[in-house]
Every structure is written in structure tokens, then in C-alpha cells.
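In the text below, chain A, chain B and the rest are named by the order of the sequence lines, each starting its count at 1. Just so you know, these numbers come straight off a predicted model, no measurement behind them.
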Number of protein chains: 2
Amino acid sequence: MNHEDGLSKRQQKALQTRLNLLNAGKVIFLKEGFQKATMTEINKRANTGYGTAYVYFKNKDELFAELMENIVEKMYDVASMPFEPTTVEEAYSQIKAQVRLFIQAALDEQETMKVIKEAIGISEMVERKWSQIRARFIAEITKDITFVQTAGMANKDIEASLIARGWYYMNEQLMWDIVLGEVVEDLTIVAENLALLYTRGLYKVR
Amino acid sequence: MNHEDGLSKRQQKALQTRLNLLNAGKVIFLKEGFQKATMTEINKRANTGYGTAYVYFKNKDELFAELMENIVEKMYDVASMPFEPTTVEEAYSQIKAQVRLFIQAALDEQETMKVIKEAIGISEMVERKWSQIRARFIAEITKDITFVQTAGMANKDIEASLIARGWYYMNEQLMWDIVLGEVVEDLTIVAENLALLYTRGLYKVR
DNA sequence: TTATATCATTGACATAATATCAATTAAATA
DNA sequence: TATTTAATTGATATTATGTCAATGATATAA
């Protein structure tokens, strides 16, 4: 029989079971990391039989990938921020702000990000998901570079897509270092330094 | 009884067994990748009983780590190349050459590098080994930056260690992309673009 | 209301890999 | 030749995964 929300009692229960598994997954992944977390433990915590998790998720990877969705969305938001500066100074300050935002977004979910970092190395599926984020950022940055080149603000003897890639990697890796606590510098300092190198280069003369 | 080379027949045989295992490992790792390669298969190829590999190597990671040694050495060589330019132009061309060399070193062992990339994500031990290479590069680059800053060639408002890190990551990730065939641009073009951004920055004005 | 069909859940099972270790085999020494 | 020492082995315990036939619970039809 159908209820107000269009879901039968059976469907509601199933949905709840799925949710329980996701919640349990979150706890277990955060506690154990991706590798050490087992389906047995997740099912135990969700009060479901061993086989149940496999009804809702093809495997551990898929369960985890679903838990990543929130963060993936946030990253896409950051990637698609507008960038149309009219002066070099404006470009610099916008870039600095975006670097900060990118790293801050990761820090907002620091513990989950640590597990994601681990999972990228282990799970094909997670790796693919992260690659998509990466590709999106690189595409956006390429667009931004082409824009400032067309506007005459930037050097045209540079291959936009290549530099976009390099610049993104610089940001991503620094982000991981900060998330993992391997770089302790203040976020503002990091953003400033990266933005400076990017807009102006390391050397003095042209 | 001891022989001319100071090794008993027994020791020689043991050494040969070890070598057989390493050779078999190389073949199997290249064929299967790190994850899919099994100790069973490696022992089979080496014509040794299953337990034998564990006599010589604590586990799969350690066997692989030993196979990495060659490449690790080569990378250290690249990392410790001298850098003492006297002009900005000289700095640029030296940097460009070093980027090229770094990526070329990886391409010289492309297939092994692919497996290493995979193994970094999976094995703690391999990850640690690669981190050491990374740390070494970053330390060297930091030194180089400090040198050109002291020599008055480079801007002093930049934190050497931070920029060294960012610059290294840009190089490393591009290297992986090229090794994995995800970036197909000519090596010379890549080196030029990276070196240009690094020495001069993306934007025109100061 | 009862019978039947459908869907959710279960846990035992097959599979596949790891690392260990007591037993075996081969070499060195007495 | 006998004894000790070292190298090798493969059966075994362990630990995870993913599957599936059986069971239990809910929905639908008679």
C-alpha cells in the first residue's frame, strides 16, 4: 500500500537500511581508513546481516564513493567560480582568494579528505571520481588563462592547458600536504606565495 | 668450504635464489601491476616453493621496493644536479634542462614507473620510499631558490620552501601524466612552458 | 481473511590471497 | 661417515571478498 510520500512501508524500511549502512560506513571509514574498513564491520554497526551491504552497494568502493558525493559537489562549486578580472592586480587577488577557498574547502572536511586521499590510491572507482574533479578544475583554469591572454593581460607564448595543469597540481598537492598536516604554514601565506609565483614568476627580470 | 669469491656453494645458491626471485618479480610486476601480482606467481616463475620468497623478503612490498632501487638512485642523481646560474637567462635554461632531464629519466623506465605509481597508492613502504625522493628534491630546490634570492636574481618576498614544494609538485604530476600517457605534448614544449611560468610568471606586469 | 506473490534480508559458502612454521632436503664441518 | 647448520618447502591458519539459495516480512489478489 502506498503512503503520503509515495513510498510503501517496505520501501521506507529498505531506504532506512541503506541509510544505516551509509552512516555506519562513514563512522567506520573515518575510524579505520579505507583499506582497514571491512564490510563485516560496517554491516555490524548498521545492524544488518553480512550480505545486506552488497544488496545496496556493489562493493566497498561504491559505498565509499557515495559518501564522497558531498565533497565532490563542494569541489565542483569551487571549480566553477567566476573569473573575469580587468587588471592584473585584480587577477592576483582573485587567484589568491580562490587558492584559499580551495584549500579551505578541503580543510572543512579534513578527516574525510584524509580517507579520500588514501582511497584514491587503492580504489579505481575513487581514483576515477577524483580525476573527474581534477579534469574539471583544469578545464576551468584553461578557460581562465585563455581569457586573460585574450584580454592582453597575460603572456601568449604559454600553452594554456599545460600551465593550467601544472598550476592545478601545485594547488592540489599543497592542499593534500596541508590536509595531512605535512605543511603547517598559515593558509594565507600559502595562498599568497602560490598566487605570487603564478602571476609574477620567481625571477625579477623579463 | 670457502671459494675464491669468499662464498660457499650454499651461499652462492641462496644468492642465486634471491636473484631468481627478483627477476621473476620484475617480470610479474610488469605484466600484472603491483596489486594483481601474487607471491604464488612470482615463486612459480622463479621455480621456488611458495614459502621461499618470504625467506628473502618480508612481503610483496619489500620485494618490490628492492626492484625500485635502480630508479630511486637515478632520481637522486637528478635531484642533486648542480645549479649556480649567474644570470636570469642562464637560470631559465638550466631549469628548462633539468625539467627535461627529470621527465626523461622517468620515461626511460616508463613501464616500471607506471607500476611504481600504482604501488605508491597501495603500499605504505613504497609510498615512504617515494616521499623520500620527493623530500630530497624539495630540499634541493629550496637551496637553489635561496641561492638565487641571495644572489639578488630572484624576488625575496617568496618563501623558498613553499615555492620549492609547489614547483616540484607541478613537475612531478606532469611527469606522471606523461608517463601514463595522459599528457601527450612534446617533452620540450612541456619543459619550456613550466620553466617559463616558474621564472617569469603568467602575467605581464609587475 | 487467507493464499499467493514479491521484495528485503540473511549468513553459510566458495574463492583468493597472505604470512607462518614445522618438516624436509642439501651442504658444511667434525 | 656422522653431525650440525642452513636453505627450502608446502600445508596450514587467517582474513578478507562477493555470491546465492533460503528465509522472513510485506503487499496484493482471491
Review point. Whole Å only: how far is the NZ atom of B:Lys44 from the P atom of C:dT18?
Key: 12 Å
**Study point:** Residue B:Val55, side-chain heavy atoms: nucleotide from C:dT18, C:dA8, D:dT9 that is nearest
**Key:** D:dT9
Point to revise | hbond_proxy A:Tyr50 side chain to D:dG18 base (donor-acceptor, 3.5 Å cutoff) | key: yes
Review point. Rounding to a whole Å, what distance do you find between B:Asn59:CG and D:dT14:P?
Key: 20 Å
Exercise for review: Would you mind classifying the nucleic acid contact of B:Thr52 as base, sugar-phosphate or nothing, using non-hydrogen atoms under 4.0 angstrom?
Suggested key: base
Practice item. Could you check A:Arg18 against B:Ala37 and say which one's nearest nucleotide on DNA chain C is further toward the 5' end? Key: A:Arg18
Check your understanding: What is the distance, rounded to the nearest whole Å, between atom NZ of A:Lys13 and atom P of C:dT10?
Key -> 9 Å
Check your understanding: At under 4.0 Å between heavy atoms, what does B:Lys58 touch on the DNA or RNA strands: base, sugar-phosphate, or nothing?
Key -> nothing
Exercise for review: Would you mind reporting whether A:Lys114 and A:Leu180 have side-chain heavy atoms less than 4.5 Å apart?
Suggested key: yes
Check your understanding: Nearest-Å distance, CD (A:Gln12) to P (D:dT26)?
Key -> 12 Å
**Study point:** Pairing residues for B:Phe147 by the ring pair (Phe, Tyr, Trp, His ring centres under 6.0 Å) criterion, not counting sequence neighbours
**Key:** none
Point to revise | 5′-ward residue of the pair B:Gln35/A:Asn43 relative to DNA chain C | key: A:Asn43
Revision key, fill the gap. From CD1 of B:Ile42 across to C1' of C:dT18 the rounded distance in Å is 13 Å
Practice item. Give the rounded distance in Å between these two atoms: CZ of B:Arg10 and P of C:dA27. Key: 8 Å
**Study point:** Which nucleotide in D:dT8, C:dT10, C:dT9 has an atom nearest any side-chain atom of B:Tyr56
**Key:** D:dT8
Check your understanding: Looking at A:Tyr56, A:Tyr50, A:Phe57, which hits ring pair (Phe, Tyr, Trp, His ring centres under 6.0 Å) with A:Tyr54?
Key -> A:Tyr50
Check your understanding: How close or far is atom C1' of C:dA19 from atom CG of B:Leu21, stated in whole angstroms?
Key -> 15 Å
Check your understanding: Taking the side chain of A:Tyr54 as heavy atoms from C-beta outward, which of C:dA28, D:dT19, C:dA8 is closest to it?
Key -> D:dT19
Review point. Between CZ of B:Phe137 and CD of B:Gln132, what distance do you get to the nearest 0.5 Å?
Key: 13.5 Å
Revision key, fill the gap. Test side chain to side chain donor-acceptor pair (under 3.5 Å), reference A:Ser131, set A:Arg128, A:Arg134, A:Glu127, output is A:Glu127
Review point. Expressed in angstrom and rounded to an integer, what is the separation of B:Lys9 atom NZ from D:dT5 atom P?
Key: 21 Å
Check your understanding: When you check the phosphate oxygens OP1 and OP2 of C:dT9, does a side-chain N or O of A:Thr17 lie under 4.0 Å from one of them?
Key -> yes
